[in-house]
2 protein chains.
Amino acid sequence: MGASKSDFFTDKQNELASLFKALSHPARVAIIEYLLTVDTCICGDIVNELPLAQPTVSQHLKELKNAGIIKGSIEGTAICYCINETTLKKIESYFSIINTKLKNKCC
Amino acid sequence: MGASKSDFFTDKQNELASLFKALSHPARVAIIEYLLTVDTCICGDIVNELPLAQPTVSQHLKELKNAGIIKGSIEGTAICYCINETTLKKIESYFSIINTKLKNKCC
DNA sequence: TTATTATATCGTAATATTGCAATATAAAAA
DNA sequence: TTTTTATATTGCAATATTACGATATAATAA
């Protein structure tokens with residue numbers, strides 16, 4: 001085999017896993033961090049920021065977009081990408097809940 | 001190719017990516033969530049909680065341990081796993097910083 | 001000692017990811 | 001119109017992940 005048995009897990013577990021999978025590559029972490037340094041959303045120069053070829057960057061952007069971590073809107077010839085605040089707030093609150101639960105533990 | 005070009009990214013970006021990679025499988029999310037429901041750290045029954053064979057669960061536990069997300073200590077014949085609070089706090093603070101930065105954005 | 005119990009490792013097949021050259025698309029400029 | 005510019009898609013080779021049967025290890029029980 002090799003395919004993950006996602007049918008046996010809850011929807012929430014699968015959703016969380018796919019969010020983390022989207023962030024599980026250094027290039028995609030770098031993209032997020034670059035988007036954070038840019039003031040506006042007009043940012044079609046992500047390709048120049050990364051040590052990867054244009055098709056590869058395009059593929060990484062697609063994965064981040066499919067996971068809902070970034071949003072992209074067409075701006076003439078260029079495309080304007082920015083971080084999806086809602087998703088990142090969800091992720092933060094997930095870890096916030098985990099850490100709250102951990103406070104009542106022994107370990 | 002197929003190997004990710006981790007040499008071209010910063011250590012922090014690679015570290016974060018490997019933390020997220022550890023969480024990028026629903027079984028491993030399920031393991032974390034199960035560990036949260038258990039009061040003590042004595043928990044050698046993760047295998048019975050998951051719809052996966054013992055070697056597969058063992059492999060997932062190893063990945064979580066290697067990434068520093070869980071800790072495991074030998075407890076006689078069994079092994080006692082628990083969540084590594086330090087790592088999870090780090091992840092929460094990473095997203096907390098991101099969300100703070102996002103507040104000063106247009107989008 | 002010989003079970004038994006709990007977990008890890010090995011080996012391997014199925015599948016997924018990564019990266020990029022080549023090519024396609026689609027909007028704006030000439 | 002044709003060219004340029006920006007991004008996406010296709011196709012494919014290299015590599016990584018997932019899953020599990022078989023087997024190994026290592027501590028306790030009998």
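Chain A is the first sequence line, chain B the second, and so forth, proteins listed ahead of strands; every chain is numbered from 1. Because the structure is a prediction, the values reported are computed rather than measured.
- Taking atom CG of residue B:N66 and atom P of nucleotide D:dA16, one finds them 15 Å apart after rounding to whole Å.
- A:S24 approaches B:S24 most closely through the heavy-atom pair CB-CB, 4.5 Å.
- Residues passing the ring pair (Phe, Tyr, Trp, His ring centres under 6.0 Å) test with A:F95 are A:F20, B:F95, sequence neighbours excluded.
- Taken residue by residue, residues 12-29 of chain B places heavy atoms nearer than 4.0 Å to DNA chain D at B:K21, B:H25, B:R28.
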Without placing hydrogens or testing angles, list every side-chain donor-acceptor pair under 3.5 Å for residues 47-66 of chain A, not counting sequence neighbours.
from: A:H60; atom 1: ND1; to: A:R28; atom 2: NH1; distance (Å): 2.9
from: A:E63; atom 1: OE1; to: A:R28; atom 2: NH1; distance (Å): 3.1
from: A:N66; atom 1: ND2; to: A:K62; atom 2: O; distance (Å): 3.4

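- The salt bridge (Lys or Arg N to Asp or Glu O under 4.0 Å) contacts involving residues 12-27 of chain A comprise nothing, where partners must be two or more places apart or lie in separate chains.
- Between B:A22 and B:I69, the shortest heavy-atom distance links the atoms CB-CD1, 3.7 Å.
- Taking A:S93 as the reference, nothing meets the side chain to side chain donor-acceptor pair (under 3.5 Å) condition, with sequence neighbours excluded.
- For the pair B:D45 CG and C:dA6 P, the interatomic distance rounds to 10 Å; values are reported in whole Å.
- A heavy-atom distance below 4.0 Å to DNA chain D is reached by these residues of residues 49-61 of chain A, ordered by number: A:Q54, A:P55, A:S58.
- Residues A:F9 and A:L16 have side chains not in contact (no heavy-atom distance under 4.5 Å, counting atoms from C-beta outward).
- The minimum heavy-atom distance linking B:L102 with A:E85 is given by the pair CD1-CG, 3.7 Å.
- Phosphate contact (OP1/OP2 of D:dT9, side-chain N/O of A:K62, threshold under 4.0 Å): present.
- Dashed line: the shortest gap from a side-chain N or O of B:Y81 to OP1 or OP2 of C:dA6 is not under 4.0 Å.
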